[in-house]
Amino acid sequence: MDENTFTENFNNQGWPSKTFLCYMVERLDGDAEIPLDEYKGFVRNKGRDQPGEPCHAELYFLEQIRSWNLDRNQHYRLTCFISWTPCYNCTQKLTTFLEENRHISLHIFASRIYTVDDSGSRQSGLCALQAAGARITIMTSKDFERCWVTFVDHKEKPFQPWEGLEVKSQELCDELQAILRDQ
DNA sequence: ATTTTCAAT
Ligand SMILES: [Zn+2]
């Protein structure tokens, strides 16, 4: 991913009308975490401005995971950094996937909270996803840096936090905690 | 073009 794509989409004070999702996979073996770099990558949604049916980033992500056919006798952790939290429909798809694939754990780090769905269904969607075993958290400075280092063509430049990153992250974190605690 | 959330208006 190039530097501008990262900055435009992951800045937690922005309002981009598109979504990027970066993913990485580790195999868990006892206490060991073995990175599987061949499964590292990122996807973005297909918007209304592009030909064909629109499709959210999460659904492309699920398509990728399914194509890997990860060994059911092993245990894997999927980590993803996503610029907007999943909508209700996507949380349902992810929840079903986790229920059907107990050998896979999912940890979602989100830059911003997507609040287009009506609040009732959004809450139940994220809560159900959490209940299915997913960890859902708001990206902190450390998470933005990890995403930068792992996915951005940073040309050896260190991650530069933007003004207000921490404050915004804390606000969103409180908001997400309230959503996940409610039900 | 504006407002601004995987657009909608
Ligand atoms: Zn969605």
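Letters go in sequence order (proteins before strands), and every chain restarts at 1. These figures come from a predicted structure and were not determined experimentally.
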*Asks:* Closest to the R48(A) side chain: dT5(B), dC6(B), dA8(B)?
*Replies:*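 The closest nucleotide is dA8(B).
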*Asks:* Name the nucleic acid region contacted by R112(A), choosing base, sugar-phosphate or nothing; use a 4.0 angstrom heavy-atom cut-off, strictly under.
*Replies:*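 No contact.
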*Asks:* I'd like to know if the side chain of D2(A) pairs up with that of T5(A) as donor and acceptor (distance under 3.5 Å, no hydrogens or angles considered).
*Replies:*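 Yes, side-chain donor-acceptor contact under 3.5 Å.
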*Asks:* Across all strands, who's sitting opposite dT3(B) as a Watson-Crick or G-U wobble pair, both distances under 3.5 Å?
*Replies:*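 Looking at the geometry, dT3(B) pairs with no nucleotide.
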*Asks:* Whole angstrom is fine here: how far is it from CD in E53(A) over to P in dA7(B)?
*Replies:*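 Distance check: E53(A) CD to dA7(B) P gives 12 Å.
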*Asks:* Separation of Q13(A) atom CD from dT5(B) atom P, in whole Å?
*Replies:*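 Answer to the nearest Å: 16 Å.
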*Asks:* Counting only side-chain nitrogens and oxygens, does R44(A) get under 4.0 Å of the OP1 or OP2 atom of dC6(B)?
*Replies:*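 It does not, given that no N or O in the side chain of R44(A) lies less than 4.0 Å from OP1 or OP2 of dC6(B).
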*Asks:* Is it true that R27(A) and E33(A) make a salt bridge, defined as a side-chain N closer than 4.0 Å to a carboxylate O?
*Replies:*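 Here R27(A) does not pair with E33(A) in a salt bridge, since their nearest N and O are not under 4.0 Å apart.
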*Asks:* May I ask whether Y114(A) stacks on the base of dC6(B), given the cut-offs of 5.5 Å between ring centres and 30° between planes?
*Replies:*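 Aromatic stack with dC6(B) absent for Y114(A).
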*Asks:* For Y23(A), which of Y60(A), W68(A), F42(A), F109(A) qualifies under ring-ring contact (aromatic ring centres under 6.0 Å, His included)?
*Replies:*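 Option passing the ring-ring contact (aromatic ring centres under 6.0 Å, His included) with Y23(A): W68(A).
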*Asks:* For I113(A) and dC6(B), give me the distance from atom CD1 to atom P, rounded to whole Å.
*Replies:*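 Atom-to-atom, I113(A) to dC6(B), this comes out as 15 Å.
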*Asks:* Does this structure show an ion pair linking E145(A) with K142(A), if we count only N-O contacts that are shorter than 4.0 Å?
*Replies:*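 Salt bridge flag = no for K142(A) with E145(A).
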*Asks:* Between P on dT5(B) and CG on N45(A), what's the gap in Å once rounded to a whole number?
*Replies:*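 My rounded result for the distance is 14 Å.
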*Asks:* Grab the CG-P distance between N9(A) and dT5(B) for me, whole Å please.
*Replies:*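 Computing the N9(A):CG to dT5(B):P distance gives 15 Å.
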*Asks:* Rounding to an integer number of Å, can you tell me how far Q50(A) CD sits from dC6(B) C1'?
*Replies:*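 The distance from CD of Q50(A) to C1' of dC6(B) comes to 10 Å, rounded to the nearest Å.
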*Asks:* Whole Å only: how far is the CG atom of N11(A) from the C1' atom of dT5(B)?
*Replies:*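 To the nearest whole Å, that distance equals 14 Å.
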*Asks:* Angle class for the W162(A)/F159(A) ring planes (parallel below 30°, perpendicular above 60°, tilted otherwise)?
*Replies:*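 Ring orientation of W162(A) relative to F159(A): perpendicular.
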*Asks:* Please report the distance, rounded to the nearest Å, between NZ in K18(A) and C1' in dA7(B).
*Replies:*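 So the two atoms are 13 Å apart, to the nearest Å.
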*Asks:* Please determine, for the side chain of T115(A), which listed nucleotide (dT5(B), dA7(B), dC6(B)) has the closest atom?
*Replies:*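 The answer is dT5(B).
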